Each structure stands twice: as structure tokens, then as C-alpha cells.
Amino acid sequence: MEHITLLADKRIILGVTGSVAAYKAVDLASKLTQAGAQVDVIMTDAARQFVTPITFQAVTGRPVYTTMWQTAAGDGLPTHIAHVGLGEGADLFVVAPITANTLAKLAHGLAADLLAVTALAVRCPVIVAPAMDGGMYQHPATQANIALLQARGVLLIEPDEGRFASGLVGKGRFPDTSTLIGHIRRALGRGGTLAGRHIIVTAGGTREALDPVRYLTNHSSGKQGYALAQAALDAGADVTLISAARDLPVPVGAALVPVDTTENLLRAVMDAIDNADALIMAAAPADFRPAQVAAQKIKKSGDIPALSLSQNPDILMAVAGQRHTSGWPRVVVGFAAESENVLANAQAKLAHKGVDLLVANDITAPDAGFRADTNRVVLLDAAGSQQSLELASKTAVAETVIQRVAGLLNTAS
Ligand code: CTP
């Protein structure tokens with residue numbers, strides 16, 4: 001699990017209740033800790049029927065709290081009253097999994113155990129992930145309790161549909177760890193530097209059909225674009241991810257618009273940019289498409305086909321035209337994939353395409369560019385500044401680009 005800037009040094013209280021899924025909360029506690037968060041676990045008595053406190057203690061490196069009557073002397077809590085001490089300074093209270101019983105307790109303000117008392121004491125956002133068997137989740141009593149909690153600002157992570165341990169099938173399964181962490185990031189990112197902003201990110205290489213079987217594309221993996229979408233979400237933005245990449249996990253909270261060809265990408269971008277604060281064009285649109293698309297598979301028994309190509313539209317140029325009249329998007333970021341004369345070519349693209357910030361990378365470097373998990377880029381802006389970044393993960397590059405976008409937006413409005 002890689003370090004997550006947003007989670008670093010955040011204090012998370014993880015409440016665990018008595019569901020079979022309690023064992024999956026161990027992985028959640030472990031991954032949150034690996035990502036840099038400080039995780040204090042509270043277990044109900046029922047949770048301890050499924051997992052022991054020592055397991056959580058081992059993965060978090062922190063004491064685990066199981067009773068209201070446990071005092072904090074020596075446990076590093078700021079006060080001797082456990083529920084107040086735990087709640088103090090917490091950034092987020094996550095109850096995962098939460099049973100129907102604990103949902104009811106929280107909805108009605110009952111304070112019978114340490115977890116429920118802490119829920120009354122905390123001042124931070126509360127997020128709950130229900131996990132329960134059969135029809136319990138859909139039962140009107142459970143739904144009414146959830147509605148009550150949501151009306152009070154509690155965030156809900158919807159359970160998945162699927163097969164339960166009992167063999168029944170329905171809605172109520174505990175989501176996987178990465179989905180839970182995505183929701184936790186969303187909750188922690190609220191109020192970030194891009195709060196209230198709408199950011200559009202494009203990602204991946206487009207595909208241009210030759211016949212129903214074959215297509216032309218390029219080596220773009222979409223990784224840098226997806227990292228940018230996640231970084232924008234972490235900064236509190238509403239994110240539309242227009243993606244030609246298909247196999248990457250979509251960051252929780254991003255509105256996905258799948259596309260295939262450059263022309264589709266153009267349409268999706270033009271539909272989305274009205275009132276968008278920023279457009280980040282990390283996609284690698286194919287510049288050419290086959291002049292004719294064969295309706296049927298081209299058979300190898302015939303003549304070897306000659307490939308004749310047509311020019312695709314340039315999306316950034318079309319955006320520049322629209323922006324000239326509407327003023328939106330406020331900020332446009334382009335990428336430059338270069339295999340020679342990187343800086344000179346990038347400077348020319350910056351001016352020609354009318355972007356505010358250009359992320360230039362040398363695609364011939366083995367540890368950067370397409371498919372790699374790392375990137376080595378130079379950021380050029382319209383004011384003439386140049387920022388060379390050391391070799392860094394695509395995540396770190398994305399965070400720097402997002403900071404620059406936030407800065408540009410602050411000066412633009
Ligand atoms: N781009 C675009 N529309 C295209 C091709 C590229 O909007 N049809 C965008 C890319 O998303 C990127 C920037 O333009 O943000 C530069 O892309 P790049 O492939 O480096 O340059 P091209 O414009 O395609 O020019 P060339 O291939 O001649 O280097």
C-alpha cells in the first residue's frame with residue numbers, strides 16, 4: 001500500500017461491530033495504517049466474537065479499545081475518559097462494518113457501549129459502512145435508521161450486492177478495502193483546496209477502428225490521468241473522468257464518462273466544459289484514424305490492405321476556441337509527449353494550444369511516460385516559469401499538478 005498524502009498523520013477512529021465482515025476490517029485498519037494514518041480501533045463485544053483485539057493492535061501498532069470503563073492512563077490518550085479522549089482531535093470516525101444493531105443505537109443516540117458513546121462525543125465527520133445478512137439491510141427499520149443518520153450528516157458507504165456467508169443473495173455485503181478507502185478519502189478531502197470546483201480529467205489512449213476486430217491506438221495507459229483524478233478528489237473537487245482507458249479502477253467519487261475514439265473524446269469534453277473550472281488533458285488522443293472503417297472483418301485471404309488515414313480533430317484547439325468566447329474552463333492543462341527536443345517542442349505546444357500549464361515528458365526515458373508508475377516531467381506555464389520535478393510516482397506528479405491548478409484557479413477568479 002503506497003503512502004497517501006491525504007491520510008498522512010490523520011487520526012481515524014475505526015469502530016468495528018459484530019458482523020462476519022469484522023475480519024475484513026483488519027485489512028482496512030492495516031491499509032489505512034500503511035498509508036500513513038493513525039488508526040485507533042474501538043470494538044464492540046459482538047465484534048470480539050469474530051476477531052480479537054490483538055489482531056487490530058498488531059496491524060495498527062496502537063492500543064485497541066473495548067470497554068467504556070477502560071481508562072487511558074498510559075495509553076497515550078489526552079484525557080482519562082476514553083470516549084472523549086479518543087474523539088478529541090479525531091479527523092474521522094469510521095464505523096466499518098456497522099451492524100443493524102449499532103445503526104439503531106447511533107440513530108437513536110443510545111450510549112450503551114464505548115463505540116456508541118464515542119459517536120455522541122466526536123465532532124469530526126462520521127462515516128458508516130453497513131454489512132448484514134439477508135434482507136436486514138432493506139428492512140424498513142434499518143432504512144429508517146440510515147435515513148435518520150444521513151439527515152444528521154452521517155456519510156453512508158452503500159453495501160455491495162452479492163452472496164452472503166449464509167448462502168442468501170442480496171444487498172448487504174461489505175465493500176472491498178480499496179472502495180472503503182476511496183470513501184474515506186472523499187470524506188477527508190472535503191474542504192480541500194479545490195472544494196466546490198469542477199475539474200475534468202481526460203485519460204488514456206483513444207482507439208480508432210479499422211474493422212470490427214482491429215484498431216489503431218497508442219501506448220498511453222491512463223495511469224497519470226487516473227492519478228490526477230484521484231488527486232483532484234483528494235483536494236475536494238467534483239471530478240469528471242473522461243476515459244479511453246478501460247482496465248484501471250475508477251477513483252471513488254469520480255463521474256466516469258467512457259470514450260473510445262478521439263471524436264467521441266472531443267464530444268465528451270465539449271459537453272463537459274461548460275462551467276468546468278479546469279480541464280486537464282492527460283489523454284493521448286489518436287491524431288489519425290483509418291479513412292475507412294470496414295463493416296466486416298478484413299480477411300487475410302484477400303489483398304494486403306493499404307492503410308489510408310484521416311486527421312482527427314485537435315481537442316485542445318477546439319477547447320481554446322470555445323474558451324475564447326465563453327471564458328470556460330478557467331484553467332486548461334495540457335501534456336506534451338515528446339521523444340526529442342522536449343523543452344523546445346513543449347514551449348511551442350504551450351503557446352500554440354493556448355494552455356495555462358503544460359506538463360512535458362520525455363517518453364523515451366525508461367522510468368517515465370507511458371505505462372511506467374513513475375514520471376519525470378517539467379511544468380511550463382504561460383507566464384514563462386519552468387518547474388522540473390525529480391523522478392516521482394505518478395501520484396506525486398499528480399499532486400503537484402493539482403496544487404498548480406488550485407493556484408491558477410485562485411488567481412483566475
Ligand atoms: N491533444 C488533443 N487533441 C489531439 C491530440 C492531442 O487535445 N488530437 C492534446 C493531448 O491530450 C495533450 C496535448 O494535446 O494534452 C499534446 O499532445 P501530444 O500528443 O504531445 O501532441 P500533439 O498535439 O498530438 O502534437 P504532435 O503529435 O505533433 O507532437
Side-chain angles (χ1 to χ4, degrees), residues 199-209 215-229 232 240-245 257-273 276 278-291 309-324 328-329 331-365 368-372 375-382 394 397-398 400-402 404-405 408:
I199 310 292
I200 299 164
V201 180
T202 68
T206 59
R207 288 171 302 279
E208 305 291 345
Y215 56 80
L216 303 181
T217 190
N218 56 60
H219 286 304
S220 171
S221 63
K223 285 181 186 170
Q224 187 63 76
Y226 276 57
L228 282 156
T240 301
L241 175 58
I242 305 178
S243 177
V257 180
V259 293
D260 47 12
T261 65
T262 294
E263 285 185 322
N264 281 345
L265 176 57
L266 172 68
R267 262 192 298 277
V269 168
M270 296 319 259
D271 284 349
I273 54 174
L279 167 69
I280 305 178
M281 275 295 296
D287 289 319
F288 311 104
R289 63 177 185 278
L309 300 174
S310 301
Q311 181 95 46
N312 266 332
D314 189 296
I315 297 164
L316 277 175
M317 299 298 278
V319 169
Q322 167 135 337
R323 188 186 187 199
H324 191 66
W328 300 95
V331 169
V332 177
V333 180
F335 277 68
E338 304 294 346
S339 59
E340 56 182 354
N341 303 328
V342 178
L343 281 182
N345 283 335
Q347 287 284 10
K349 262 179 204 166
L350 176 84
H352 181 60
K353 300 210 177 201
V355 299
D356 305 289
L357 185 69
L358 192 96
V359 185
N361 55 9
D362 178 352
I363 52 169
T364 60
F370 298 133
R371 288 189 301 236
N375 221 347
R376 190 191 299 273
V377 303
V378 182
L379 307 184
L380 311 174
D381 71 14
K394 287 188 172 171
V397 170
T400 304
V401 172
I402 289 300
R404 293 288 301 267
V405 169
L408 287 166

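Indexing begins at 1, ligand by ligand and atom by atom, following the structure's order. Computed from a predicted model, the values in this text were never measured in an experiment.
- In this structure, N218 contributes its side chain and S220 its backbone to a donor-acceptor pair below 3.5 Å.
- A donor-acceptor contact closer than 3.5 angstrom is absent between the side chains of E338 and N361.
- Residues passing the salt bridge (Lys or Arg N to Asp or Glu O under 4.0 Å) test with D260: none are found, sequence neighbours excluded.
- A salt bridge links D381 with R404: the closest approach of a Lys/Arg side-chain nitrogen to an acidic carboxylate oxygen falls below 4.0 angstrom.
- Between the CG atom of N312 and the OG1 atom of T206 there is a distance of 6.5 Å, given to the nearest 0.5 Å.
- For the residue pair E208 / T217, no side-chain donor-acceptor distance below 3.5 Å is found, with atom types taken as modelled.
- Within 4.0 Å of ligand 1, contacts by protein heavy atoms are made from M281, A283, P285, D287, P313, D314, I315, L316, G334, F335, A336, A337, K349, K353.
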